[in-house]
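Structure, as structure tokens:
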Amino acid sequence: MRALVVVAHPDPDSFGGAVRARVEAGLAAGGHEVRVIDLYGEDFDPRLTEHERRHHLSPPDTKPAVAAHAEALRWCEALVLVHPTWWGNQPAILKGWFDRVWIEGVAYTLPPGADRIRPLLTNVRRLVVVTTHGSPKRTNALQGEPGKRIVLRGLRLLCHPLCRSRWISFYGVDASTPDQRAAFLDRVERRLRRP
């Protein structure tokens, strides 16, 4: 399976960096073809510019700043998002990636006269999120888990109609023990062999 891993963590030497390494190790052990986009590593600009907003419905080939990301998204069969959850949501750099790359002509189309968008990412059959939360599960439940809703109720609808999703999360990482963190890393690697 062709897997695109999109990483949104500013510190490659953190626990988030260890999570990324185990995601890649699991995919490799499963024999998957892997591409990685490290948003912080490439200094991705998450801001939707005035020009991009005005030309939102222009063809994607007129947007060279995101062309490589759009091509990678069209290439993959499995999309794996690796990020911490901050304030109940994805980091701003990842949200900006959604805003700038999941655009008309890449993720969806709105044909003339139509009243609803049509998904274009039917190549994506697996959508996986691997995330950490500083707070416990109950805190996230009280917040309504907005980051989870964006992915599973929003982005997933632009993928294959039978796209399977998987949410792999580690709640309470700030108060966790080394053994708990090691167990989570083992679980991530094991589960990513078959995303």
Is there a continuous path of hydrophobic side-chain contacts, each under 4.5 Å between heavy atoms, that joins Trp97 to Val151?
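As far as the 4.5 Å side-chain criterion goes, Val151 and Trp97 are connected within one cluster.
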Residue pair [X] / [Y]: nearest heavy atoms and the distance that separates them:
{"X": "Thr122", "Y": "Pro119", "answer": "CG2-O, 4.4 Å"}
{"X": "Ala72", "Y": "Ile37", "answer": "CB-CD1, 4.1 Å"}
{"X": "Gly88", "Y": "Gln143", "answer": "CA-OE1, 3.4 Å"}
{"X": "Leu152", "Y": "Arg156", "answer": "O-CB, 3.5 Å"}
{"X": "Arg116", "Y": "Pro111", "answer": "O-CD, 4.4 Å"}

Side chain [X], main chain [Y], donor-acceptor under 3.5 Å:
{"X": "Gln90", "Y": "Gly147", "result": "yes"}
{"X": "Gln180", "Y": "Thr177", "result": "yes"}
{"X": "Arg166", "Y": "Arg191", "result": "yes"}
{"X": "His32", "Y": "Val34", "result": "no"}
{"X": "Lys148", "Y": "Arg153", "result": "no"}
{"X": "Arg118", "Y": "Thr109", "result": "no"}
{"X": "Arg193", "Y": "Leu27", "result": "no"}

Over 12 non-hydrogen atoms of neighbours within 6.0 angstrom of [atom1] in [X]:
{"X": "Asp43", "atom1": "CG", "answer": "no"}
{"X": "His55", "atom1": "NE2", "answer": "yes"}
{"X": "Trp87", "atom1": "CH2", "answer": "no"}
{"X": "Arg125", "atom1": "CZ", "answer": "no"}

Regarding [X] and [Y], does a basic nitrogen lie under 4.0 Å from an acidic carboxylate oxygen?
{"X": "Asp45", "Y": "Arg100", "value": "no"}
{"X": "Arg35", "Y": "Glu71", "value": "yes"}
{"X": "Lys95", "Y": "Asp99", "value": "yes"}
{"X": "Asp38", "Y": "Arg20", "value": "yes"}

Residue list, salt bridge (Lys or Arg N to Asp or Glu O under 4.0 Å) with Glu50, at least two apart or on another chain:
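Partners of Glu50 under the salt bridge (Lys or Arg N to Asp or Glu O under 4.0 Å) test: Arg54.
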Verify whether one side chain among [X] and [Y] offers a donor that lies under 3.5 Å from an acceptor in the other.
{"X": "Ser135", "Y": "Asn140", "result": "yes"}
{"X": "Ser169", "Y": "Thr131", "result": "no"}
{"X": "Arg181", "Y": "Ser176", "result": "yes"}

Step-by-step ring pair (Phe, Tyr, Trp, His ring centres under 6.0 Å) determination, His69 to Phe44
CA-CA 10 Å; His69 292 247; Phe44 180 81; 5.2 Å; yes
